[in-house]
Every structure is written in structure tokens, then in C-alpha cells.
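Accompanying notes for the structure given below.
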Amino acid sequence: MRQLAETRATAVVQRFILILGAAVLWGCASGPAPAPDQAALFFPSPPAPPRLQYLTRLSAPRDLVVDHGGFKEFVFGKESTEGHLVQKPYGVNIYDGSVYVVDTRNHGYAIFDFKRRRTDIVQGFGGGTMKKPINITIDADGTRYVTDTERKQVLVFDRENRFLRALGKVDQFKPIDVAISGDRLYVSDLEHHEIQVLDKFSGDLLFKFGEVGSGEGQLFQPTNLSLGPDDSLYVSDTGNFRVQKYSLDGKYLQTFGQIGTALGKFARPKGIAVDHDRRLYIVDAAFENIQILDADGSPLLVFGQPGDRKGNINMPTVVKIDYDNVDYFRQYAAPGFDLEYVVLVASQFGINKIVVFGFGTQRDMENSVGGPDLASSE
């Protein structure tokens, strides 16, 4: 037994030395040209100018390593669902070089830290124990707000992931998402079909808006929220198959979409994000894609489809747009593709738990493979 243990230990050391040597050699060489299946994936398809590029995915610690012609597979082995840091994600956010992924199955949130090239998972304990976390919203100072539908509270953690307090009294709400504006927290309440507005520090209810129904300004099973650059609140009115826009004081302003299968219509809208030009990214969990609409609601592009190939999404939930952490993803961009912002999409199933796309412009159209565009998806 001792000899067998020594043999295994020797094999491990030899493999480590081999991997370390390969890594050193790789760092000193330019490396081989990308294989055909590593060609950049763009949306929409040529000859239309590409605006979105698939950059990478985040599911396991191996995904923090930039792939170079099979080197990642050599070190970590072939891709599979084994060893995933997250099992069934819902919410995603990004802050200061780290991507935060809420895992409903592991009762916590995972952290993919691009600065330190490491991963972690936070599950909380005591008063901060998470039972069924859904979404995570991060304030400018790093404070995290996690909605928990089983506890029916919003759990607050500081930037060091230490539990601070829980917001929400008995039967107050069943929170799905939080949006932050100044000292206000906007909380979507799935149970009472409304938006509750809380004081960020005390948790006191300031006011609420929305009521059950399908008319303008009414809600049925509101889920995800997003703040627009025009100081407005976008609400994914999932049960009514649409997105509604409100002022921050709760005044109804506009509706996007309705039930249907055509572009600009939805079956199960969930995540929503708005870029600086007021383009809307809306996740449809039923169609398993993301539609981009302009500020008037006109369809611009649809992308995403189920599967386990790069760029695929499976039962998507949340989409986030981020301008502040683009530098961490430039290494994944194709030569000549200038990133303006990144788009993160969470999927509950498949090997691609978090898929990262980049929005930008391409100077060189060579070595690109197109994805389905607006016309081909009708």
C-alpha cells in the first residue's frame, strides 16, 4: 500500500511538473494559430456588420483560464458538468473585476475573480444563511443585496461578504430582484404583484406601486428589474408577457411587447438590461434567446439558442450589461473587435452557466463565424 501511494504521489508530481513546464513554454511562445472551431462567433451573421461577439463562459474554475489551442483541455481535461462551481444559477452581477453568480441549488453565490484568477462561494451562516437565493444586486460601495424567495427577505452583505442585516417583515413580500437608486431600493414582489420601494438603510417601506391585473401599470408576477439611463425603472412583467417602464416615483410610462411568437413578443420574459443608448436586452426563458429592442420597442436583433456549444444558453434567466469591467474581457475579443460593454447571461441548465458577450464594432471581418440574425430567426 505504501509503495502504491508513493507511486501515485510521484505520478502527481510528474504531471504537475509537465503542466508547469508547458505553461512556461506557452508563455514564451506565440502559440499555434486558432483551430477552425475557435473562430470568433459574431451576431448578426455576415454580411451585416457584427455587433455582438461571444467572448467566454463561466461555469467552473477552469473558465478563468484563457484557452490557447487546446491548452486548457490539456491541463483540466475535457469539458463536462463535473467540477462546476455553480449548479443552477439564476442571478448574475459584476463588480470590481469579479462576476457574482447566485446558485439556487447550492444556496449561495459563487465568485469568479478575474483580478486574482480564483473562485470562491459564499453561503452565509446564522442570520445570513441563504435558503433559496435568486438575484444579487451590488451597490456602488460593494454592498450586496440578495433576494431570497424562501426566506422572503432581502439579505444584505458587505463588500467582504459579511452578513449585515435582513430586510423584510413577515408576509411583506416575496422578493425576486432589487434595483438601487440613491437611497432607495426597488424590490419586485412576486406574491403581491407590485414594486415595493424601501429605504436602503432602515428597510422601511417608503411607497409601492402596481397592482394585480393586465392593464397599463398593472402587474402579474413581476420578476426582474433594471434602471435605465433616463432615470426610469424597467420591470419584467412576466405573467403578462411584457416589460413595463415606470418613473422612479411609480408612474407608468410605457409597455414593451405582448404574448406571441413574433419578434418583439414574448412567452416568458425574465431578465432585462438597458444600455446607455436605451437599447433593451430582454431574456425569454421559453424561447431561450435574448431580444434587443430600441427605445421605442422596435426589434433590432435576436441571439442565443439552446445547446452545449459556445454561445448557447439553456433556460436563461438574467442578463446584465456592464461598462466598468470591460478591460478584463478584452483578452477574449477577436482582433479588431472594439468592445464597448459586456453582456452577461445566466442559464439554469447546460455547461454554459454564465455566457459573456461583448458589444462593439469590428474593424476586420476576417476569421469570424456568424450566428443567427434578426432575419434568419423569424
Side-chain angles (χ1 to χ4, degrees), residues 58 61 63-64 85-86 89-104 106-130 133-148 151 153-168 175-188 197-204 224-229 231 233 248 271-276 317-330 341-346 353-354 356:
L58 298 172
D63 296 320
L64 287 178
L85 187 65
V86 288
Y90 189 103
V92 63
N93 219 312
I94 184 169
Y95 177 83
D96 192 27
S98 293
V99 175
Y100 296 77
V101 185
V102 176
D103 192 345
T104 60
N106 281 335
H107 313 292
Y109 57 87
I111 304 173
F112 293 85
D113 188 337
F114 279 82
K115 275 187 175 181
R116 300 169 182 83
R117 294 288 170 181
R118 69 185 187 190
T119 58
D120 198 2
I121 188 163
V122 177
Q123 293 180 308
F125 59 91
T129 300
M130 289 172 266
I134 297 294
N135 264 312
I136 184 168
T137 303
I138 305 178
D139 207 348
D141 63 357
T143 304
R144 297 89 154 95
Y145 296 85
V146 179
T147 55
D148 192 311
R151 288 189 53 164
Q153 290 181 311
V154 177
L155 307 182
V156 187
F157 299 83
D158 67 13
R159 63 180 298 136
E160 304 300 328
N161 302 302
R162 295 172 298 203
F163 175 67
L164 297 176
R165 58 190 177 276
L167 307 179
I176 299 295
D177 201 4
V178 171
I180 305 172
S181 177
D183 294 340
R184 292 178 175 180
L185 299 180
Y186 292 78
V187 182
S188 57
V197 185
L198 314 182
D199 180 273
K200 185 169 67 176
F201 303 102
S202 67
D204 293 339
N224 296 282
L225 306 173
S226 182
L227 288 174
D231 288 329
L233 181 72
L248 295 183
I272 180 169
V274 188
D275 72 9
H276 288 177
T317 52
V318 168
V319 58
K320 291 291 181 181
I321 287 173
D322 181 79
Y323 290 82
D324 298 330
N325 296 273
V326 174
D327 286 345
Y328 295 101
F329 297 93
R330 295 193 193 280
Y341 56 79
V342 293
V343 181
L344 298 91
V345 181
K353 301 303 185 184
I354 303 298
V356 184

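These numbers come from the heavy atoms of this one structure, side chains and all, not from hydrogens, waters or symmetry mates.
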Worked check of side chain to side chain contact (heavy atoms under 4.5 Å, CB included) between Asp113 and Asp120: CA-CA 8 Å; Asp113 188 337; Asp120 198 2; over 6 Å; no
Any donor-acceptor N/O pair, Thr137 side chain to Ala179 backbone, under 3.5 Å: no
Main-chain N/O of Asn106 paired with Gln123 side-chain donor or acceptor, under 3.5 Å: yes
Audit row: Val343, Val319, side chain to side chain contact (heavy atoms under 4.5 Å, CB included) steps and yes/no: CA-CA 7 Å; Val343 181; Val319 58; 3.5 Å; yes
Approximate separation, where rounding is to 0.5 Å, of Arg162 CZ and Arg144 CZ: 10.5 Å
Taking every non-hydrogen atom, the tightest pair across Val156 and Phe163: O-CD1, 3.5 Å
Stepwise side chain to side chain contact (heavy atoms under 4.5 Å, CB included) test for Val356 and Tyr328: CA-CA 11 Å; Val356 184; Tyr328 295 101; over 6 Å; no
Asp103 side-chain N/O to Gly108 backbone N/O, donor-acceptor pair under 3.5 Å: no
Main-chain N/O of Asp204 paired with Asp199 side-chain donor or acceptor, under 3.5 Å: no
Qualifying residues under side chain to side chain contact (heavy atoms under 4.5 Å, CB included), relative to Val92, sequence neighbours excluded: Val99, Val101, Val318, Lys320, Leu344, Ala346, Ile354
Nearest heavy atoms of Val154 and Pro175, plus distance in Å: CG2-CB, 4.1 Å
Smallest separation among heavy atoms of Leu155 and Gly128, with atom names: CD1-O, 4.1 Å
Where Ser98 and Ile111 come nearest, the two heavy atoms and their spacing: CB-CG2, 3.8 Å
For Leu58 against Phe114, the heavy-atom pair lying closest together: CD2-CZ, 3.8 Å
Arg159 side chain to Asp141 backbone, donor-acceptor under 3.5 Å: yes
Closest non-hydrogen atom pair, Leu225 against Tyr186: CD1-O, 3.3 Å
From Leu233 atom CG to Leu227 atom CG, the distance as rounded to the nearest 0.5 Å: 6.0 Å
Derivation and outcome, salt bridge (Lys or Arg N to Asp or Glu O under 4.0 Å), residues Asp96 and Lys115: CA-CA 8 Å; Asp96 192 27; Lys115 275 187 175 181; 2.9 Å; yes
Heavy-atom check, side chain of Asn224 versus side chain of Ser188, under 4.5 Å: no
Gap separating the OH atom of Tyr95 from the CG atom of Asp139, nearest 0.5 angstrom: 8.5 Å
Parallel, tilted or perpendicular, as decided by the 30° and 60° cut-offs, for the rings of Tyr109 and Tyr100: tilted
Arg330, CZ atom: more than 12 neighbouring heavy atoms under 6.0 Å: yes
Check against side chain to side chain contact (heavy atoms under 4.5 Å, CB included), Phe112 and Leu85: CA-CA 9 Å; Phe112 293 85; Leu85 187 65; 3.8 Å; yes
Donor-acceptor contact present, side-chain Asp158 to main-chain Asn161, <3.5 Å: yes
Backbone of Lys200 reached by a side-chain donor or acceptor of Arg184 within 3.5 Å: no
Residues that Tyr323 engages under side chain to side chain contact (heavy atoms under 4.5 Å, CB included), provided they are two or more places apart: Asp275, His276, Ile321, Glu340, Tyr341
Sub-4.5 Å side-chain heavy-atom contact between Asn325 and Val342: no
